[in-house]
Structure formats: C-alpha cells, structure tokens
Amino acid sequence: MMQITFKDGNVKSFDEGMSPEEIAGAIAPGLKKKAVAAYVNDELYDLNRPIYQDAKLDIITKDNQEALEVLNHSTAHLMAQAVKRLYPDAKFGVGPAIKDGFYYDIATEHTITDDDLPKIENMMRRIVKEQESMMREEISQAEALARFKDDPYKRELIEELPEGEIISIYTQGEFVDLCRGGHIGNTRHIKHFKLLSVAGAYWRGDSDREMLQRIYGTAWFNKEALEHHLKVLEDRKERDHRKLGKELKIFMLDKRAGQGLPIWLPNGYTIRRTLEDYVYNLERKNGYLHLSTPVLGTKELYQISGHFDHYQDDMFPLMKDKDETFVLRPMSCPHHMIVYNSELRSYRDLPLRYAEIVTQHRYEASGALSGLERVRAMTLTDSHIFARKDQIKTEVLNAYRLILQVIKDLDLTIDYIELALRDKTKGKFHDDDKLWDEAEATLKQLLDEENIDYHEVKGEAAFYGPKIDIQVRTAMDHVITMSTVQLDFLLPERFDLTYIGKDGEKHRPVVIHRGLISTWERLMSILLEQYKGAFPTWLAPTQMRLIAVNQEAHGDFTQNLHEQFIDLGFRSSIDLREEKLGYKIREAQTQKIPYQLVIGDNEVKNNTLTYRRYGQKEQTTVSVQAFIDMINNEIKHKTKHAE
RNA sequence: GCCGCUUUAGCUCCAACAGGUAGAGCAAUUCCAUGGUAAGGAAAAGGUUGCUGGUUCGAGUCCAGCAAGCGGCACCA
C-alpha cells in the first residue's frame, strides 16, 4: 500500500501501481470523469501512469487551464498518428500545445493541403473509436536513438538532451512518439477538435534549415466550447482591418502604387490627423519640441549611427549620385543627433525633448507584409530625449506616464511590460560591456522602485541599448509592441554628443528613444479591429449624418443645421439625395456613423433634432443646443460607446 | 525571403457541367416614385477571366513562369 496525500490535506491508502485515473475513480466517479491529468509530487503525470510510492496527488480536472493544454497536446499526437496512417513516409518535428490549440510539424513527400484536413480528421475519429491507450515508457538515450533511427528530427532532439537524462516515449497503438508528456491516457477522451490550417514552418525555427509542413488545430472538452472558439475565429474575420478598411474606405493598397505602400483614403486620413493632433498637443503640454527632418539622408549618417551595418538588408536600395550615396531613411534618430549637435549645449538646456511625426521606409520581407499591420512606408510619432544621467529616471518615467495616458485614451489594453535586454552570445549588439551593464541596471532599478511588473527578455534589446516595451493585446488576440522607451548610451558616443556641465567641462548626455503608438498604420489596424469600424465620436471620420424627411419642407433647416455643425468644427455630412428615408438611414448605419439625425416637421417647428446612435434603435429628440453640448462633451472626454 | 493556397465587372471565397468565346446581386448611370428610422420600381450599361507564354481545332477551365493577395514560418532599429 502507498499513502496518497490530496490537495486538501487528506491522506488515503491505495494499492501500489494505481494510476491517478484509478485513484480518482476510487474517490468519486464524477472526479474520474472530469480528470485529465495529475500532478504527482508536482510532476505532471498522465492519467494512466502508475504511482508506486507515497505521494502528493493533485488531480487536474477539465476546469484547469493546464487541462486544456494536456488535451491539445494529446490531440497533436492523435493527429500525428492519423497523418502517419495516411502518409506512411511522414517524419515528425515538434507538436506542442499552444494557446487555444496545437500544431504538429511534419515532413512528407505528400503536399498537405486544406482538402486533406477532413481526411485527417476522419482518421483521427477512427483512432478515437479504437480507444488507443497512450502508454508512457522511460528509456535510455541509446535506446531512444535506436527506436527513432529512421526519424532524423526526433534523433536530433534526442542527441541534444543532456547525458544521462531519462527520455520518455509514448505509444498509442502502432504510433510511438518522443515526448515529455503528460497525456490524457487514452484517445477515447478526445472528442471535440478541428483542424484549422496548413502552413510552412522552418525546422527549429531556423530559416537556414528545411521547411516542414505544419498543421494547426484546436481541441476542447465539449462541443459548446469548440463551437464557441470557432465562432470567435469567425468574429475575428469580421473584425479584420483589411476587410473593414475597404468597406469603410480607410485605406487602400494597389500593386501599381507598390507592394506594402498603403494609401490613406480621406476617411482614414481624417482619423489619422485627429490622432496626430491629439498626440502633438499632448507632447507640447509635456515639454516636447517638434521639428521636421527629411525622408532622405546620406549613407554616411547611418554608418555613423551603426544602423547601416545592422539593417542594410532591410533598407530600400541605395540611391547613388556621383559623389554621394543616399538612403531612404528607415528611422529618425540620426537626424535628431545632428540637431542636438548643431549648438553648444549647456547642462541647463537638458532635458531636451525632440519629437517628430516621421515618415520612414523599411524594405520589409515581402512575406511579412500584411494590410496596414506590416508595411514598407510608415509614419509615427518619434521622440528622442537628450538628458543628463541624473535626469534619466525622471525622463523615463515621464515618457512612461505619457504612454499610459495615450493607451488609456485609445482604450488599449496592456498585456505586459517587457524589459528587453542584451544577449551577449548574439552578435547583433554593440560590445561595450560597461555601457550595457549601466543602462540595464538603470532601467531595472527604475522599474523595481516604481513597482512596475515586467518580464525580462534576453536578446530583445535594440543594438544600441536596453528598452522597456509596452505590449498590448489586440482585439485579434495578438500581442504587439505598442510603445517603447529605450535607453541609449551608444549613439551619444557615436555622434560625440556633449554638453557643458556646471564644472565647465564637457559631458556626455544620454538619449532616451521613445516610441508612442507604434506607427499610425499599425495603430489604425488595431483601432479598426478594436472598434469593429464603429469609431467613437472624437475619432469618427463622419460624426453625424443629417437627413431631411422632405427636401422641400425641411431642406433649409437641415442645411442650416449642417453649416452650424461645420462651423463648430464637427465632421457633419448631409444626405440631399432624392431617395427614400429608409434608404438613407440604412446607408448611414452601414457606414457606422455615430449619429444619424432625421429632421421633419416637429424638429423644424421646435428647433430640435431627433438622433439615433449607431447600432441602437432608440430615437431621442433634443434641442439643437443640447445636442451640440453632448457632442462637444463626447469629443472632449473621448467617450466610447458600447458596440 | 521560404512553404502552401488563391486571383472572374467598382464590391461580394457569387455563377459558368467534364475545355466549346462569361452569369447574378449590390453599387454607379438614366427614368419613374419618394413624409418619420436598415434596401421602392424600371431600363440600359459594365469583362483582354491578374500578367506572359505553352498544350489544343478551341482555354476562365489544363501546363509553366511571373506578380499580387491570403495562412503560416523566418525577420521586425
């Protein structure tokens, strides 16, 4: 007998060799039914893996987050088995659980297409019916190598495991896989799944190695959860900024204009200008000085900064004149360094906060381009703060607080904050250890002092210094870097920046790079998806659409109202077409205009108007002045409305 | 850049059997109608089926190359 200690502290005796599944069944049939895997002495165990000694047992049920991972991981194995039956030459890479799903990387002569997915699903269902038990076995490295002698990818993984490490393999029917576990015990537990897509993926994420075929899928514990997830995926398609951007005439792409070179249409540009004005004023209030620099620079400028060495391949082809070579600028810091150096600076001048709405060009890989999310021409609000070392903390915090303000005003959600550090083993960073250590320590200390939660990530720093990245989760469930504060001791050296200190001597300032809203292009894609195209009044390209019930009787009043709104700075539009009322109303709704105003006898008589908010059925009649006050208030407070 | 898929009218993963010269809806145009909250009716028009080449008596359809888009991977100062 062995003593099993449960989560609640209870201890019970069971026969040695019983599995978590059997123990769960012995406690309560309901628990056995809900059980997915278990932690035995904090080690993840399969449901059917025998326990041989006294242990602490924690049954993972379907309600746990880990349970979904176990299920998806097991579904990946199930899929691999099905693929192997259909395409016997298949060799396997890795097949992990990921958020809301799983994938498996496969090498086979057969090209897997979307049409194959139902076939694979059918085979998977067959294996589920076969009720294959998923059995764990622990073997030596030598034995593992022998077992997987025909599987080059698995062999590579085995060879890299540390000497003496116990290797576990899982067998279900005829299928054997190298795997750490835990698993769900038997294929019969896998019922609700769907294969979603096929894609290519480099073996081990290395673009110098061969490409495998990757199948993505998703698995859930019940039909409702699966259907719900598929619905979420459908909803994302409806939100897609490329679809909404076309429907609402926000932007366009045309291959004659150039791949990845978007055109902002009047509606989109109106939103962008509103955002630009907002940021410009916010920066002005926070002591930033705005300037403007050219989109072209000399190659030499970027050689001094070091960008040319690092990013040459991602820059547009060089333009060569007789004596000079120009680059289409991929970023703006070097120009700002030159501005700093154009005068003799005193310690009293610092901090100096330069900001610019910068258009820059990057020759992104063709396969990376996507709508407004990833483009080759982009505009952003960039800033470089020149400061003394004793000002770093205040300036970084000021920048951070400004970022928080903007993120709040735009209804964005911070997912986490990342402190991106250097990884010495990677060559892409400058190699002055002293500068790195100091910069990294400064940021770390600052975050700790302010009690800001953050994840450290090695190897994600800029080549010139560490950075604090503000990671935002979008409506599409993507995590993107929205804002960044970077501490740079390198460029001041490269450009020989100095200021005269109190002591009359020359000192080196530091540069803080601050990115606020990624780029206007990417922000636009995120906002479109977030608001599903229904922008709050302060951003909406058209804020109100005026419709007269009868042109003859109410046309003049409506026209006057429209002119009054335009005078007030509202983005008003009037529909004068000889069309039925219902037709005009439908159009105002499909264009997602926040306010739709209908003017008839009552309104003309009482100097009122009747509005309907986008997406609502309710009609409200108010005085013209009350409406104006309401709109002004919404714009001022950036009021958002429920969808 | 790499792997796979896709490309038909301004828009819509809307049509065209198995190779026989392209069919809708909406929008736009013209005419008629039009007073209260999501599509009034009619007419006429709209196409070098992404581009280039090949196979064939004949190609939207089959093949090759290229381009762009899409799903991923790699990349992202």
Side-chain angles (χ1 to χ4, degrees), chain A residues 103 105 107 111-116 196-216 237 240 242-243 246-247 249 253-256 258-260 302 305-315 329-334 360 362-371 373-375 378 382 420 428-429 460-465 467 480-481 484 486 488 491 513 515 518-519 522 547-554 577-591 596-603 610-612 614-619 621:
Chain A
Y103 67 78
D105 287 348
T111 300
I112 301 168
T113 68
D114 286 345
D115 296 337
D116 293 320
L196 298 171
S197 59
V198 211
Y202 294 111
W203 169 234
R204 314 213 73 180
D206 183 344
S207 58
D208 291 331
R209 306 200 60 178
E210 65 268 41
M211 186 159 262
L212 307 179
Q213 303 185 67
R214 173 175 296 182
I215 303 178
Y216 284 95
K237 277 190 209 157
D240 192 312
R242 291 164 298 193
K243 179 178 150 72
K246 187 182 264 182
E247 284 171 7
K249 299 185 185 171
L253 289 160
D254 185 298
K255 71 174 159 190
R256 290 161 301 180
Q259 193 186 15
Y302 290 89
S305 72
H307 287 93
F308 189 79
D309 289 342
H310 283 271
Y311 297 107
Q312 196 180 157
D313 292 345
D314 301 313
M315 287 161 68
R329 73 159 164 209
M331 42 110 58
S332 64
C333 359
Q360 55 193 34
R362 293 179 183 177
Y363 197 68
E364 304 282 5
S366 60
L369 301 173
S370 176
E373 210 176 312
R374 197 74 185 271
V375 292
M378 64 210 84
D382 203 4
K428 69 172 187 168
F429 305 103
E460 292 294 311
F463 76 86
Y464 46 74
K467 51 182 188 166
I480 62 123
T481 302
T484 183
Q486 312 175 348
D488 177 5
L491 294 190
H513 303 242
S518 181
T519 65
R522 186 172 284 179
I547 302 167
V549 172
N550 178 285
Q551 217 55 251
E552 200 103 330
H554 320 119
R577 291 173 305 170
E578 293 291 325
E579 280 291 351
K580 299 266 260 196
L581 195 56
Y583 182 89
K584 295 183 182 182
I585 284 163
R586 178 171 196 277
E587 198 168 278
Q589 291 289 315
T590 50
Q591 289 173 7
Q596 159 199 309
L597 276 47
V598 175
I599 311 300
D601 285 344
N602 295 333
E603 287 76 13
T610 300
Y611 70 80
R612 186 173 132 183
Y614 169 74
Q616 292 178 354
K617 288 276 175 237
E618 191 187 349
Q619 298 164 40
T621 304

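Numbers restart at 1 for each chain; the letters A, B, ... are given by sequence-line order, proteins then strands.
- For the C1' atoms, the distance linking B/U30 with B/G71 amounts to 45 Å, nearest Å.
- Note: CG (A/Leu253) to P (B/A67) measures 18 Å, nearest angstrom.
- The base of B/C73 does not come close enough to the side chain of A/Arg209 for any donor and acceptor atom to sit less than 3.5 Å apart.
- To the nearest whole angstrom, the two P atoms, one in B/A39 and one in B/A44, are 27 Å apart.
- For the C1' atoms, the distance from B/A43 to B/G20 is 32 Å, rounded to whole Å.
- For A/Tyr202 against B/G1, a side-chain N or O and a base N or O form a donor-acceptor pair under 3.5 Å.
- Within the 4.0 angstrom heavy-atom criterion, base atoms lie near A/His307.
- The separation between A/Glu373 atom CD and B/C70 atom P is 10 Å, rounded to whole Å.
- The partner of B/G60 cannot be assigned: no Watson-Crick or G-U wobble pair with both contacts below 3.5 Å exists in any strand.
- In this structure, NZ of A/Lys467 is placed 9 Å from P of B/C76, rounded to the nearest angstrom.
- In terms of position on RNA chain B, the residue among A/Arg242 and A/Arg522 whose nearest nucleotide sits closer to the 5' end is A/Arg242.
- Using C1' as the reference atom, B/U8 and B/U49 are 4 Å apart when rounded to the nearest Å.
- Electrostatic pairing of A/Arg577 and A/Glu587 counts as a salt bridge here, judged by a charged N lying under 4.0 Å from a carboxylate O.
- Defined by atom type and a distance below 3.5 Å, a donor-acceptor pair is present between the side-chain atoms of A/Gln486 and A/Tyr464.
- If you check B/G69, B/A77, B/G72 against the side chain of A/Arg214, the one that comes closest is B/G72.
- Of the listed nucleotides (B/G71, B/C76, B/A77), B/G71 has the atom at the smallest distance from the side chain of A/Ala199.
- For the pair A/Met315 CE and B/C75 C1', the computed distance is 16 Å after rounding to whole Å.
- Using a 4.5 Å heavy-atom cutoff, the side chains of A/Tyr103 and A/Asp105 are in contact.
- Base pairing annotation: B/G25 forms a Watson-Crick or G-U wobble pair with B/C11, both donor-acceptor distances under 3.5 Å.
- Checking B/G69, B/C5, B/C3 against every side-chain atom of A/Met211, the shortest atom distance belongs to B/C3.
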What's touching nucleotides 9-14 of chain B from the protein side, N or O pairs under 3.5 Å?
{"residue": "B/U12", "atom": "OP1", "partner": "A/Lys246", "partner atom": "NZ", "Å": "3.3"}

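- If you measure from atom CG of A/Asp206 to atom P of B/C75, you get 9 Å, rounded to the nearest angstrom.
- Here B/G69 presents its C1' atom at 11 Å from CG of A/Leu369, a figure rounded to the nearest Å.
- B/A42: Watson-Crick or G-U partner is B/U30, with both key distances under 3.5 Å.
- Taking for each of A/Asp240 and A/Asp114 the nucleotide of RNA chain B with the nearest heavy atom, the 5'-most of the two is the partner of A/Asp114.
- OP1 or OP2 of B/G69 lies within a sub-4.0 Å distance of a side-chain N or O belonging to A/Gln259.
- Between A/Cys333 and A/Leu491, the closest side-chain pair of non-hydrogen atoms falls below 4.5 Å.
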Next item on the list: Decide side-chain hydrogen bond (donor to acceptor under 3.5 Å, both in side chains) for A/Glu603 and A/Thr610; before the verdict, give the C-alpha distance in whole Å, the side-chain angles of both, and the deciding distance to 0.1 Å.
Entry: CA-CA 7 Å; A/Glu603 287 76 13; A/Thr610 300; 2.3 Å; yes

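- Side-chain contact of A/Tyr216 with A/Arg214: a donor-acceptor pair under 3.5 Å is present, judged by distance alone.
- In this structure, B/G71 forms a base pair with B/C3, meeting either the Watson-Crick or the G-U wobble geometry with both donor-acceptor distances under 3.5 Å.
- Using a 4.0 Å cut-off, some side-chain N or O of A/Ser366 falls inside it from OP1 or OP2 of B/G1.
- For A/Gln589 and A/Gln596, the side-chain atoms include at least one donor-acceptor pair closer than 3.5 Å.
- Taking atom P on both B/G54 and B/G41, the two are 49 Å apart, rounded to the nearest angstrom.
- Nucleotides B/G25 and B/U61 have their C1' atoms positioned 24 Å apart, rounded to a whole Å.
- The pair A/Arg204-A/Asp206 does not meet the salt-bridge criterion, since no charged nitrogen lies less than 4.0 angstrom from a carboxylate oxygen.
- Across B/A16 and B/A22, the matching P atoms stand 16 Å from one another, rounded to whole Å.
- For the salt bridge (charged side-chain N to carboxylate O under 4.0 Å, His left out) test with A/Asp240, the passing option among A/Lys243, A/Lys237, A/Arg242 is A/Arg242; the others fail.
- Nucleotide B/U55 has no partner under the Watson-Crick or G-U criteria, as no pair reaches both atom distances under 3.5 Å.
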Check: What does nucleotides 30-39 of chain B look like as a protein-contact string, B for base, S for sugar-phosphate only, - for none, at under 4.0 angstrom between heavy atoms?
Finding: ---BBBBBBB

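- Nearest nucleotide to the side chain of A/Arg577, out of B/A67, B/A28, B/A74: B/A28.
- Salt bridge absent: A/Arg612 and A/Glu618 never bring a charged side-chain N and a carboxylate O closer than 4.0 Å.
- The partner of B/G19 is absent, by the rule that a Watson-Crick or G-U pair needs both atom distances under 3.5 Å.
- Taking atom CG on A/Asp208 and atom P on B/C75, their separation rounds to 10 Å, with Å as the unit.
- A/Asp116 places a side-chain N or O within 3.5 Å of a backbone atom of A/Thr113 that can act as its donor or acceptor partner.
- Between the NZ atom of A/Lys255 and the P atom of B/G69 there is a distance of 9 Å, rounded to whole Å.
- Using cut-offs of 30° and 60° for the angle between ring planes, the A/Tyr302 and A/His307 rings count as perpendicular.
- With C1' as the reference atom, B/A74 and B/A18 are 42 Å apart, rounded to whole Å.
- Using a 4.0 Å heavy-atom distance criterion, A/Tyr464 is classed as a sugar-phosphate-only contact.
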